[in-house]
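Reviewing the structure listed below.
Quantities reported herein were computed from a predicted structural model and do not represent experimental measurements.
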Amino acid sequence: MTETDNKTRYGRIASILIALAIVIAAFALFTTMNNERISEQNTKYLQGSTEQSARRISEWMADSQTEIKLLSSMYASTLSGVDEISAAGIEQLANYTKFDYTTISLEDGRTIDNTGQEADAADREYFMQGMEGESGVCAVDNSLFYNDLSVIFYTPLYFDGEVVGVICGAYREDSMEKFLRTYIFGEQTNTYLLERDGDVMAHSSTTYSSGVKSAVDLYFEEGSSGNISRDDLESSLQSGVSVTFNYKGESGSGTAYVMPIENYDWLIMRTFPSSITDGMQSRANAAGLVLVGLVGGALALVAGVLLVQTMRQRRKLLSESEHVTSIVNSSLVLFNRFAVIDLANNTYEYLKDEGIKDDLPRNGEYHMFRYYWQTRFCDDDEAERMKEELKPEAIRERLTEDVPYLHFEYRLRDQETGEVRWSQASMLPLQRDGSGVVTSVLLSVQDVTDVKEREIANRNALEDAFREAERASRAKTDFLNSMSHDIRTPMNSIMGLTAIASMYLDDPERVKDCLTKITTSSRHLLGLINEVLDMAKIESGNLGLSEEDFDLPETVESLMSIMTPQINDKKLNLKVEIADIQHEHVVGDPMRLQQVFVNIMGNSVKFTPEGGTVSLRIKELPSRVKGSGCYEFTFSDTGCGMSEEFVQKVFEPFTRANDSRVTKVEGTGLGMSIVRSVVNLMNGTIDVKSKLGEGTTFTVTVYMKLRDGDDQDLTPLEGLRVLVADDEQTAAESACEVLKSIGMEPDYVLSGDDAVDAVRRSVENDRSYVAVILDWKMPGKSGIEAAREIREIVSDDMPIIILSAYDWTAVEQEARSVGVDAFIAKPLFKSRLVHVMKGLLASDEEEGEPASEYEVLQQSDFSGHRVLLTEDNSIAAAIAMDIMGMTGLEVDHAENGRIAVEKLLDAEPGHYDLVFMDIQMPVMNGYEAAKAIRATAEGRGPDGEAIDARADLGEIPIVALTADAFADDVARARAAGMNAHMSKPMEIELLVKTLKEWL
């Protein structure tokens with residue numbers, strides 16, 4: 001071997017060694033850069049996945065907090081008293097929540113879960129915060145009932161505006177582990193929920209029991225380059241700042257990332273084990289090892305070329321990998337499927353294929369892809385449309401350089417379950433050729449079923465609202481048209497009758513007849529106006545109820561006095577019955593209650609043909625509200641009834657089954673809507689059953705507070721025998737029950753003939769009745785005819801009483817002549833029966849009622865008293881002064897509130913005994929005037945100036961006389977310093993009653 005060869009060999013060896021050194025150095029550089037890239041990529045992935053989990057946990061916590069508050073509200077709505085709080089109600093409602101278990105804690109800390117277990121939570125922080133009215137979430141190591149880690153959402157339980165307990169919903173440790181469990185590249189990683197001091201509250205770790213109690217426990221500082229200090233970690237946790245640090249635990253080492261959860265003081269920590277990074281680096285470096293093996297025997301030049309090619313390929317792969325990773329990471333949560341479609345080579349490849357069966361490969365020919373999905377579209381039209389949309393030439397044609405993406409929406413049918421789901425697909429261009437034509441696209445598919453269902457529901461809701469608005473508009477238009485007719489009818493009558501009366505001034509009877517008809521028309525017109533005003537109050541939410549003491553018998557008798565003339569005019573049969581009435585003295589709004597009754601019974605009378613029957617049944621039901629009575633009023637008729645369609649909307653405003661312009665049945669169509677609103681204000685219910693041609697039944701149930709009645713001595717009535725005669729057995733038995741309740745011994749018969757025979761036998765057996773109660777209208781022998789025969793058998797000392805739901809004034813004279821001593825109106829209330837019985841057996845005579853409003857005025861004498869009438873309407877003032885003058889009053893007039901205050905200040909103390917005050921007046925209204933009058937007692941004038949104090953004006957009675965007649969108007973009048981309230985038009989009986997009370 002020559003020296004030249006040696007040189008050549010040594011040169012070749014040197015070249016090879018140099019080449020190998022270059023390859024080894026290149027591989028070392030490749031390995032280092034690849035490891036750094038993977039570590040950096042994994043750190044970003046860790047942060048991104050943790051941020052997604054943090055948002056999901058924040059939404060989950062907000063939803064859970066909302067759910068426990070809703071549970072508390074629903075449970076509170078079922079309570080009528082604090083003593084009803086139990087596990088039964090919370091168990092039923094808990095079935096509709098996602099919590100592992102729910103609890104309810106009482107004020108003393110006694111806690112019951114939804115399975116009935118009991119424990120004491122008085123020392124638990126969440127119980128104390130809940131009793132302070134706070135809602136929140138906390139984690140406990142030892143739960144009351146399961147002694148494990150639980151995340152507890154709590155909120156206060158309110159009743160009547162006060163906190164009476166705490167409602168909690170909890171997720172146990174197993175649920176939290178499943179909820180927080182996360183897999184990264186097929187390997188489970190650990191997720192923790194932390195407090196600001198780093199303490200672990202919940203976890204997904206299967207190795208948690210090994211001892212990780214705090215994030216700081218994981219911290220590993222020795223030998224970990226780039227790691228933060230322990231103090232910086234603790235500071236970041238305390239201030240809620242995102243931080244990354246290296247850790248080492250019993251399950252291995254790796255990187256941990258901590259970040260705050262939005263809207264809460266909790267933190268989330270996720271660990272990324274180094275085993276995942278090591279595995280990825282090992283797999284990536286394996287290719288380099290293969291390359292080294294191949295290049296190891298190659299020439300330095302080949303090794304250099306390969307190294308250059310490897311470096312170029314590495315940069316290209318790195319760029320593409322970063323691009324794809326960025327897209328996948330940002331879209332991973334939102335999209336179900338990703339596929340890359342190569343339009344140039346007619347192929348596809350799935351990057352993510354959620355929900356796809358095994359019969360479609362992850363990659364293959366594009367025509368197989370199209371055929372697979374074409375068979376799964378919802379219907380033929382959908383399949384045909386999408387077949388055209390997915391053609392390669394259609395995609396290339398539509399996805400021009402000016403179009404950044406394409407959107408498709410379609411429906412897929414599950415071939416196993418048949419369920420139809422909405423999907424939204426997007427195509428984004430990945431590559432284009434030199435002429436700008438797209439050659440590959442990224443297809444992303446998202447399930448948008450919930451969004452589409454909400455969109456469809458919203459559209460349907462808008463369409464329903466539009467139709468309802470149109471219906472309401474038509475109803476109001478028709479209402480205004482019919483109201484124009486209904487209002488003009490009585491107005492025309494009033495104007496015509498006024499003209500007639502003016503032409504017959506010398507004929508008192510004709511004038512009296514006209515005035516009577518004018519009064520009737522005026523009351524009808526006032527009723528129409530009141531209903532419209534009531535409806536306006538309801539729609540504005542200002543309808544209120546007053547609370548005053550009243551007796552049910554008086555309200556029912558008032559109803560009968562109103563309805564009986566109408567019933568008699570139409571020749572209808574009236575049936576009235578009571579059952580189990582234990583409490584007759586109540587507190588409520590009798591005016592509104594009577595308004596309900598008159599509206600319902602008025603409709604029964606209107607729509608029941610001649611000869612039909614109208615019925616009322618009153619019953620007291622067991623009350624679930626302490627201190628209140630539950631009353632059921634059932635109104636039935638045999639009228640024309642209503643269709644099923646109209647029954648569904650009978651309570652809607654502006655709705656009438658019949659138009660008054662066609663059927664001559666008058667009304668606003670607002671009555672039943674007002675009825676329902678008033679009943680709802682009374683915490684009651686109203687139900688209706690009706691059938692065309694057969695009749696209608698309304699059932700009203702209301703709660704009214706009870707008050708103590710007057711104690712009565714029933715000793716004189718005990719043991720006395722009474723006979724009741726009524727052709728309706730239920731009515732006779734009901735009357736006997738009332739008689740038994742006051743200590744009497746009743747018998748009953750079902751006809752007038754049987755009553756005469758029973759009285760005759762009692763006399764013959766020397767067991768005479770002390771009184772006989774006869775129904776007026778009985779088939780065969782009426783009550784009056786039976787009374788005539790009974791009076792021939794017994795002495796004049798034995799009372800005979802007529803019982804009837806009808807107005808007996810037409811036959812009163814005849815009844816008195818045959819020996820009838822008294823009349824009692826149906827239904828037979830206990831208080832009325834006691835009053836009549838004690839009066840008759842004590843030989844007391846009932847005082848007669850004044851026959852008319854004129855007689856009421858004539859019998860009232862208020863001579864020597866002077867009142868001040870404040871009224872800006874001259875006609876209304878003249879009418880009021882004439883009416884008041886008929887009682888002997890001296891009346892002065894003031895045109896507005898300021899003049900009234902000045903007249904009172906100018907007059908001597910005691911000059912006026914009472915002030916009637918209108919409300920709506922110019923210059924100074926009634927409220928302002930009343931406050932100014934009361935202020936004079938403290939030495940302040942109407943403009944706030946100092947004057948001599950007038951103590952008498954602080955005590956003078958002030959009565960509101962106004963058309964503002966709602967409950968809140970009454971309350972406002974009293975708040976302004978007025979003593980009483982009278983509504984316009986002026987009622988004679990109420991005027992006299994008010995004058996008697998204050999004069």
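- A tilted orientation is assigned to the rings of Y154 and Y126, their planes being inclined by 30° to 60°.
- Counting heavy atoms from C-beta on, the side chains of F245 and V258 come closer than 4.5 Å.
- Around the CD atom of E125, the shell of radius 6.0 Å holds no more than 12 heavy atoms that belong to other residues, nucleotides or ligands.
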Step-by-step side chain to side chain contact (heavy atoms under 4.5 Å, CB included) determination, K69 to T66: CA-CA 5 Å; K69 289 181 179 179; T66 301; 5.8 Å; no
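- What you find for A54 and I268 is that their closest heavy atoms are CB-CG2, 3.9 Å.
- Between N460 and E463 there is a side-chain heavy-atom pair separated by less than 4.5 Å.
- For CD of E455, the number of neighbouring non-hydrogen atoms (other residues, nucleotides, ligands) closer than 6.0 Å is greater than 12.
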Between S143 and R172, does the side chain to side chain contact (heavy atoms under 4.5 Å, CB included) criterion hold? Intermediate values first, please. CA-CA 9 Å; S143 63; R172 297 184 62 189; 5.8 Å; no
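- Enclosure of atom CD in Q117 by more than 12 non-hydrogen atoms of other residues, nucleotides or ligands within 6.0 angstrom is indicated.
- Proximity of a side-chain donor or acceptor of T697 to a complementary backbone N or O of K689 within less than 3.5 Å is not detected.
- Side chains of R459 and L462 form no contact here, defined as non-hydrogen atoms less than 4.5 Å apart.
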Test side chain to side chain contact (heavy atoms under 4.5 Å, CB included) on V137 and W266 and set out the steps. CA-CA 10 Å; V137 57; W266 290 7; 3.7 Å; yes
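- Residues E632 and T699 meet the side-chain proximity criterion, which asks for heavy atoms closer than 4.5 Å.
- Salt bridge E118/R110: present, at least one basic N to carboxylate O contact under 4.0 Å.
- At distances below 3.5 Å, not a single donor-acceptor pair connects side-chain atoms of E262 with backbone N or O atoms of S58.
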Given F635 and F597, is the ring-ring contact (aromatic ring centres under 6.0 Å, His included) satisfied, shown in steps? CA-CA 9 Å; F635 299 86; F597 296 163; 5.6 Å; yes
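- T102 has its side chain out of reach of I167: every pair of non-hydrogen atoms, C-beta onward, lies at least 4.5 Å apart.
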Working note: E173 + Y146, criterion side chain to side chain contact (heavy atoms under 4.5 Å, CB included); need CA distance, chi angles, decisive distance, verdict. CA-CA 10 Å; E173 186 169 338; Y146 301 99; over 6 Å; no
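- Considering CG of L552 and CG of L593, their distance stands at 7.0 Å, rounded to 0.5 Å.
- Counting only heavy atoms from C-beta outward, the side chains of P156 and S135 approach each other to under 4.5 Å.
- A pairwise comparison of heavy atoms in M128 and D123 identifies CE-O, 3.8 Å as the closest pair.
- Rounding to the nearest 0.5 angstrom, the gap separating the CZ atom in R124 from the CG atom in L144 is 4.0 Å.
- In this structure, OG1 on T182 lies 3.5 Å from CZ on R270, to the nearest 0.5 angstrom.
- Smallest separation of non-hydrogen atoms from F153 and I68: O-CG1, 3.8 Å.
- Heavy-atom neighbours of E132 CD from other residues, nucleotides or ligands within 6.0 Å: at or below the threshold of 12.
- Listed here is the closest heavy atom pair of Y171 and S64: OH-OG, 3.3 Å.
- Taking the side chain as every heavy atom from C-beta outward, Y257 and E51 approach each other to under 4.5 Å.
- Evaluated for a side chain to side chain contact (heavy atoms under 4.5 Å, CB included) with T103, the options D113, N114, I152 yield exactly one hit, D113.
- Atoms OG1 and CZ, on T50 and R55 in that order, are 10.5 Å from each other to the nearest 0.5 Å.
- By the 4.5 Å heavy-atom criterion applied to side chains, Y192 and T271 are counted as neighbours.
- Remark: R56 is positioned above the aromatic ring of F179, its terminal NZ or CZ atom under 6.0 angstrom from the ring centre and at most 45 degrees off the axis.
- Residue I261 holds its CD1 atom at 7.0 Å from CG of L267, rounded to the nearest 0.5 Å.
- Across M682 and V702, no two heavy atoms sit closer than the pair SD-CG1, 4.0 Å.
- Residue H583 comes nearest to Y631 through the heavy atom pair O-OH, 2.6 Å, listed as atom of the first residue, atom of the second, then distance.
- Within the model, atoms CZ of R421 and OG1 of T449 stand 3.5 Å from one another, a figure rounded to the nearest 0.5 Å.
- Judged by distance alone, the side chain of E620 and the main-chain N or O of Q582 form a donor-acceptor pair under 3.5 Å.
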